[in-house]
Structure formats: C-alpha cells, structure tokens
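Because the structure is a prediction, the values reported are computed rather than measured.
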Amino acid sequence: MASTEYGGVFALIEKNLIGAQDDVRPFLVVRIGDRSVRLSPQAAREALYRPGHDEALRTVLWRQAIIEARREPRGGNGPGRLLLVWLAIPGVYRNLYRNVHRLRVERIDLESEAALAVLAALEVVDPDAPDPGGPLVTEAVNRMWAYANRVVREIPHVDIAAFAEARNATSLPEQQPCPADGWELHLTPPPRRDELAATLRFAESRTRQEGERLGALAHRLGLPDLVYRARRHEEADLIGTLVLRPAGARQ
C-alpha cells in the first residue's frame, strides 16, 4: 500500500483519521452473510485494494462508507467524509504521479482537486449501484487531469521572478549616465522586491527605423534637401525609389 507521508491534503486527512483516538476514529460496520463485521479504516482500505479482493465485500464497504459520509453535514469535515476520501486515495495514485512527473504539476494542488472531487461526487453517487466507489475514484482522476491540463497551458514561458530579481539588481536611473538624445522613465511608486514585476518593452516600427537610418545617412552625405523632397506620404502612390550607396559600390 502506498504511503501518504507528504505535506499535502492526503497526509493531513490520514493524520486526522488514523491519529484520532479510538472513540473518535470512524469504523465501518458491514453485514457479511449473517453476521456484522466492524472494520478499522486500515482494514477497510486493505479489503478494497488488496490483490484478489472480494467484489461483494468491496461493494458493501463502499456503500456503507457513502451512507456514513452522507449522514454528516454537507461541506463539513466529519470523520465519515474524511474516511471516504481516504479510502479513495489509493485509486488515484497512478494518475497523480503521472501528472506530477510528466506535466510537472504541484502535487499538493492535485491532491486538493482529488479530495474535492470525491466530496462533490458523494452528493450524486448511487450507493446501491453495483460499484458505488468507482464513480468517486473516476471523478477524482478526471478532475486532476482537467486541472493539470489547464495549469500546463497557463504556465508562463518567462521566469517572472528572475526578471524581477534582475530588475531590482540594476542601479537606479539617477546613477546611470543619460545620453543627450535619450529618454528618462520614472515609475511611481518605486519597484519593490515583494511585489509582482514585469518587463516594459518599447517597440518601434521597422518603417520608422529605416526612415531614421536613411535620414541620418542623407544628412551625413549632405543630401537632406533631396531626400526631403523625395519622401512619400504613407497614403500616396509609389512613383520611384531613392537608393543611397557609397561611390563605386556594387549595384
């Protein structure tokens, strides 16, 4: 049997369930043949998942666990509801580990999703069905996968924390030399390490960049008037092109 020794919801449930006093710890009393059997949580889980388990006993156990959980207030954390989630945990382990190791999703979040799914399915599952525990486990697995697939699509491709650290590590604007034709950026309030940070990006069109490059070249060659007269408005028709090349350059 897999262990739940981890700092997530599963471990918390096990601690409150198995670590409780005998007079508080829930037991399942099931009818087997003509006699009643009182099973501890550990014995009930072993009967559900051990190899070659008795299907009839498995059905009776799930049915009784569902009935006991439904007797408690909805939305509460009574021992019956904790027991039901704890009994479903081994059924989700394989998919839990696949999400953690393949999709790199936080295990603690997956455990929370699985536990919520079991409690949500408790309200609609039929305890008299041939396999009443199956829908509980299936709903928990489906909800984990849905959460993992959603989170994977939301994972940013840029490490925002690294950007914030790099930004905070730079010197302040007043400590840096400013070019005569440069720009100054003032942010209010000043950046703080304990808040979300992002990168500011100033974009400029290629057309404007090319125009400035051509204008600077024409000014250096002493041809600013010629270039000014030859310029074209954005909405005007193109009637020709002006190309500047060093004398003797390859055409």
Practice task
Dump the intermediate steps for side-chain contact (heavy atoms from CB on, under 4.5 Å) on Arg38 and Leu28, then the final yes or no.
Solution key: CA-CA 6 Å; Arg38 186 170 184 260; Leu28 287 179; over 6 Å; no
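- For the pair Ser36 and Arg31, the tightest heavy-atom approach, listed with the atom from each and the gap, is OG-NH1, 3.1 Å.
- Remark: Ile13 CD1 to Ile89 CD1 distance equals 5.0 Å, nearest 0.5 Å.
- A donor-acceptor distance shorter than 3.5 angstrom exists from the side chain of Asn99 to the backbone of Asn95, with no hydrogens or angles considered.
- Proximity of Leu84 to Leu136: side-chain heavy atoms (C-beta onward) are separated by under 4.5 Å at one or more points.
- With Leu110 as the fixed residue, the side chain to side chain contact (heavy atoms under 4.5 Å, CB included) test singles out one of Val92, Val100, Val9: Val100.
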Exercise for the section: List the steps, then state whether side-chain contact (heavy atoms from CB on, under 4.5 Å) holds for Phe27 with Leu83. Expected result: CA-CA 9 Å; Phe27 286 82; Leu83 175 60; over 6 Å; no
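- Residues Val137 and Gly91 approach most closely at CG1-O, 3.5 Å, considering heavy atoms.
- The local environment of CZ in Arg74 is sparse, with at most 12 non-hydrogen atoms from other residues, nucleotides or ligands closer than 6.0 Å.
- Taking the salt bridge (charged side-chain N to carboxylate O under 4.0 Å, His left out) definition, one finds that Asp34 meets it with nothing, sequence neighbours left out.
- Between His101 and Tyr97, the ring planes lie tilted relative to each other; the angle falls in the 30° to 60° range.
- The hydrophobic clustering, which links ILVMFWY residues whose side-chain heavy atoms are closer than 4.5 Å, places Tyr93 and Ile18 together.
- Under a hydrophobic-cluster definition in which Ile, Leu, Val, Met, Phe, Trp and Tyr are linked whenever side-chain heavy atoms come within less than 4.5 Å, directly or via other members, Val60 and Leu48 are assigned to the same cluster.
- Between Arg143 and Glu139 no salt bridge is recorded (no basic side-chain N to carboxylate O distance below 4.0 Å).
- Residue pairs meeting the salt bridge (charged side-chain N to carboxylate O under 4.0 Å, His left out) criterion with at least one member in residues 80-95, sequence neighbours excluded, are Arg81-Glu123.
- Arg107 CZ to Met144 CE: the interatomic distance, rounded to the nearest 0.5 Å, is 10.5 Å.
- Using modelled atom types, one side-chain atom of Thr59 and one backbone atom of Pro130 make a donor-acceptor pair closer than 3.5 Å.
- Considering CZ of Arg45 and OG of Ser40, their distance stands at 11.0 Å, rounded to 0.5 Å.
- For the side chain to side chain contact (heavy atoms under 4.5 Å, CB included) criterion with Leu61, the lone passing option out of Leu87, Asp54, Leu39, Ile66 is Leu39.
- For the atom pair CH2 (Trp145) and CG (Leu96), the distance works out to 10.5 Å, reported to the nearest 0.5 Å.
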Exercise for the section: Check the pair Leu17 / Gln42 against side-chain contact (heavy atoms from CB on, under 4.5 Å), numbers first and verdict last. Expected result: CA-CA 10 Å; Leu17 189 67; Gln42 297 94 324; over 6 Å; no
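- Residues passing the salt bridge (charged side-chain N to carboxylate O under 4.0 Å, His left out) test with Glu55: none are found, sequence neighbours excluded.
- Nearest heavy-atom pair across Pro26 and Pro79 is CG-O, 3.7 Å.
- In this structure, the separation between CD on Gln64 and CD on Glu68 is 5.0 Å, given to the nearest 0.5 Å.
- Smallest separation of non-hydrogen atoms from Gly80 and Ala69: O-CB, 3.8 Å.
- Between Leu82 atom CG and Leu119 atom CG the span is 8.5 Å, to the nearest 0.5 Å.
- Here the shortest heavy-atom pairing between Pro132 and Asp126 reads CB-O, 3.6 Å.
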Problem - From CA spacing to verdict: side-chain contact (heavy atoms from CB on, under 4.5 Å), Tyr147, Val151 - result: CA-CA 6 Å; Tyr147 174 81; Val151 169; 3.4 Å; yes
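- Taking every heavy atom of both residues into account, Ala114 and Ala140 meet most closely at O-CB, 3.7 Å.
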